[in-house]
Amino acid sequence: MKKFGKVAAAAASVAMVGSVALPAVSASAASTGKTINWSEVAALPTMDPAKSTDTVSADALGATSLPLLQFGKGNKLENEAAKSYEKSDDGLTYTFHLRSGLKWENGDALTAKDFVYGWQRSIDPKTASEYAYLMDSVKNAKAIEDGQKQPSELGIKAIDDHTLQVTLESPASYFLQEITMPVFFPENQKFVEKQGSKYGTSAATYLSAGPYKFKGWTGSNNKYSFVKNDKYFDADKVKTKKIAVQTIKDQNTGYNLYQGKKLDFTPLSPDQVKASKNKKGYKVIKTGATQALQMNEEKVPEFKNTKIRQAISYAINRDTLSSKIVTGSAIPATTYTPKGLVKNPNNNKDFATDAEVKGAVSYNKKKAAKLFKAGLKEVGKSKLSVQLLTDDDDTSKRVAQFLQEQLEQNLKGMDVSIKTVPKKQRLKLSTDGDFQMLNFGWLADYPDASSFLDLYKSDASYNYGKWNNADYDAALESAEGKNANNTKAQYADFKKAEQILEKEAGVAPLYYRSTASLLNPKVKGVIANPTGAPFNFKYAVKH
């Protein structure tokens with residue numbers, strides 16, 4: 001997921017994004033399905049919507065909260081808390097009409113005021129929400145983030161309990177897609193303030209309003225459940241009483257539990273892919289995601305040298321990485337924005353293919369060695385020792401070891417050590433800028449190039465490595481400012497930014513991610529977001 005920005009992806013982009021072909025479920029499904037046993041590869045870090053930055057918490061929040069809209073069947077936006085909405089002719093004002101009788105899990109009424117409070121809390125600098133930038137399209141959001149205005153001045157207000165009005169800074173074609181994200185979810189002010197700093201740190205300190213209630217999480221254990229919420233307005237559509245979730249970092253364990261019929265879903269390792277391709281439950285879930293290597297210019301000043309960054313990128317054999325290390329779930333990257341996310345409004349050509357600078361993101365041992373030697377000379381060094389930070393799941397560890405081998409073998413004078421930590425700790429270290437190199441994955445929250453390119457603005461919170469380029473910033477400023485309403489001109493701006501990022505190696509793209517998995521054929525109705533995650537479990541049922 002990412003530091004979203006602004007781009008004219010439009011509804012056509014959603015239809016274009018590849019979504020996983022999980023079985024649909026009809027309205028005539030059994031009234032109560034069996035318990036679904038689900039797995040996540042990383043520990044749940046938070047249940048605070050304002051602080052969710054990962055797919056694990058997005059899955060849990062999506063199952064238990066109540067957004068205005070969500071991606072539903074056929075990857076189409078469905079009304080949830082909102083029964084209807086209108087957009088003004090100038091594209092600046094959205095008016096949402098909420099359903100009557102919405103309830104929180106504790107019986108409190110859920111009203112327009114809960115959305116106002118949730119959005120204001122998310123944008124408040126005191127909350128320190130990494131995804132606050134997603135609200136930049138809303139009037140006064142950026143000024144609030146910068147401390148120039150108060151959260152109460154955000155362009156959102158409750159006309160009455162059932163009417164919510166949102167005013168934007170400028171038209172944003174992606175706005176409705178964006179508000180499906182947790183940072184835009186409603187929050188119960190009385191409950192949140194009672195919990196204080198403990199809010200969202202356990203099941204007891206979180207309040208559900210969606211299809212399921214959240215149970216069993218202490219804040220540190222690896223098992224929890226989504227239990228059907230009878231107070232949910234559309235409870236008759238929820239056919240499953242319980243979804244039992246457990247964190248399984250070791251893919252062999254997950255595979256064995258699936259084989260033993262104790263799990264209904266598990267991601268696969270490369271070896272498992274080979275053994276599972278012909279199984280009935282084998283699924284490849286396409287995602288709008290890119291795995292990349294960030295280089296921290298503040299911790300390692302040598303990374304400010306363009307030749308050194310380029311050398312590191314050229315030293316990595318992405319074909320081998322994709323085919324041998326992350327088999328079944330990777331395609332070698334040639335751009336940062338992944339393929340299949342956005343199309344050219346002029347000719348329907350894929351953005352990533354169109355914006356690719358041939359050879360800029362590729363494997364070239366000789367060029368890597370030459371650039372590295374020249375770069376070291378320019379910075380007055382003869383060698384470079386760095387530490388690579390990565391998550392502790394199997395795939396991340398394998399990728400880190402491969403990168404270590406490639407860089408040390410292909411760059412004379414390069415020494416790489418690896419620091420492996422749990423995802424929750426890695427997220428904090430990343431946010432704090434406490435790393436030298438980072439194995440970093442980004443999943444688009446909505447189908448738009450800005451969902452990736454905005455990450456590397458000079459002042460972006462997800463620009464952990466602190467790379468900056470004035471021309472890059474200017475291209476994005478143009479795309480999201482003067483050309484916000486000019487689809488073709490905006491596309492050209494985004495293309496320019498992507499090409500600068502590739503040429504300058506502001507980040508080293510590694511591969512486009514997908515998820516090879518096994519899903520019990522008896523489980524139907526699980527819906528993947530257009531970008532692959534999070535999952536929508538509302539219609540899930542196990543026969």
Side-chain angles (χ1 to χ4, degrees), residues 41 251-252 255 267-277 282 284-287 289-295 307-340 352-353 356-373 384 386-420 437-443 501-503 505-517:
V41 298
Q251 288 168 308
N252 288 326
Y255 183 77
L268 299 173
S269 70
D271 289 340
Q272 293 163 359
V273 167
K274 296 174 185 176
S276 303
K277 279 189 173 181
Y282 180 72
V284 176
I285 303 171
K286 296 179 181 179
T287 61
T290 301
Q291 198 72 21
L293 188 64
Q294 282 207 38
M295 296 161 271
K307 291 177 182 176
I308 289 178
R309 295 195 308 271
Q310 291 171 332
I312 288 172
S313 182
Y314 281 125
I316 301 166
N317 189 328
R318 293 163 177 81
D319 288 335
T320 300
L321 174 60
S322 299
S323 63
K324 303 294 184 184
I325 309 301
V326 279
T327 305
S329 58
I331 297 172
T334 53
T335 55
Y336 185 60
T337 304
K339 294 182 178 179
T353 301
E356 178 184 338
V357 178
K358 190 173 181 180
V361 181
S362 64
Y363 178 52
N364 190 323
K365 285 174 61 175
K366 290 184 178 180
K367 197 168 187 176
K370 183 178 179 180
L371 284 167
F372 191 64
K373 182 178 180 180
L384 182 61
V386 297
Q387 183 183 75
L388 172 60
L389 176 66
T390 195
D391 290 359
D392 63 353
D393 62 274
D394 287 352
T395 298
S396 295
K397 288 190 286 188
R398 288 196 306 270
V399 170
Q401 290 164 0
F402 177 79
L403 294 174
Q404 177 189 46
E405 179 183 273
Q406 289 279 283
L407 297 179
E408 290 186 342
Q409 284 184 358
N410 296 329
L411 303 176
K412 185 178 180 181
M414 184 83 167
D415 180 71
V416 180
S417 60
I418 298 173
K419 182 175 183 177
T420 304
M437 286 198 305
L438 174 65
N439 179 16
F440 173 78
W442 190 257
L443 171 68
L501 189 63
E502 295 170 32
K503 292 175 184 176
V507 64
L510 300 173
Y511 57 88
Y512 308 131
R513 291 193 336 231
S514 59
T515 302
S517 64

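Side-chain contact, N252 with Q272: a donor N or O sits under 3.5 Å from an acceptor N or O. Counted by atom type alone, R318 and S313 present one or more donor-acceptor pairs between their side chains at under 3.5 Å. Between the side chains of Y512 and T335, at least one donor N or O lies within less than 3.5 Å of an accepting N or O.
Atom CD of Q251 is separated from atom OG1 of T395 by 4.0 Å, given to the nearest 0.5 angstrom. Distance CG/L371 to CZ/R309: 11.5 Å, rounded to 0.5 Å. In this structure, CE in M295 is found 11.0 Å from CG in L438, a value given to the nearest 0.5 Å. To the nearest 0.5 Å, the span separating CD on Q401 from OG1 on T420 amounts to 7.5 Å. Atom OG1 of T390 and atom CE of M437 lie 10.5 Å apart (nearest 0.5 Å). In this structure, CG in N317 is found 9.5 Å from NZ in K365, a value given to the nearest 0.5 Å.
With contacts defined as side-chain heavy-atom distances shorter than 4.5 Å, the pair D391/N439 does not qualify. Two residues are said to be in side-chain contact when any heavy atoms from C-beta on lie closer than 4.5 Å; V284 and V273 fail this criterion. Two residues are said to be in side-chain contact when any heavy atoms from C-beta on lie closer than 4.5 Å; Y511 and T290 fail this criterion. For the pair S269 and R398, the minimum side-chain heavy-atom distance is below 4.5 Å. The closest side-chain heavy-atom distance from I285 to S517 is below 4.5 Å. With a 4.5 Å cut-off on side-chain heavy atoms, V386 and M414 count as touching. Put simply, the side chain of L384 reaches to within 4.5 Å of the side chain of F372, judged on heavy atoms.
Annotation for T515 and P267: closest pair CG2-CB, 4.3 Å, computed over non-hydrogen atoms. Across Q387 and K419, no two heavy atoms sit closer than the pair OE1-CD, 3.4 Å. Residues Y314 and G359 share a closest heavy-atom pair of CE2-O, 3.2 Å. Scanning both residues, A330 and S514, for their nearest heavy atoms gives N-OG, 4.0 Å. Heavy-atom minimum distance, L411 versus A369: CD2-N, 4.2 Å.
Checked by atom type and distance alone, the side chain of E502 pairs as donor or acceptor with a backbone atom of V357 at under 3.5 Å. Between the Q294 side chain and the V507 main chain, no donor and acceptor come within less than 3.5 Å of each other. R513 contributes no side-chain N or O that, together with a main-chain N or O of A289, makes up a donor-acceptor pair within less than 3.5 Å.
Annotation: L388, atom CG; neighbour count of heavy atoms from other residues, nucleotides and ligands within 6.0 Å is above 12.
Exactly one of D319, T320, N410 qualifies for a side-chain contact (heavy atoms from CB on, under 4.5 Å) with Y363. That residue is N410.
Applying the side-chain contact (heavy atoms from CB on, under 4.5 Å) criterion to E408, with sequence neighbours excluded, gives Q404, D415, V416.
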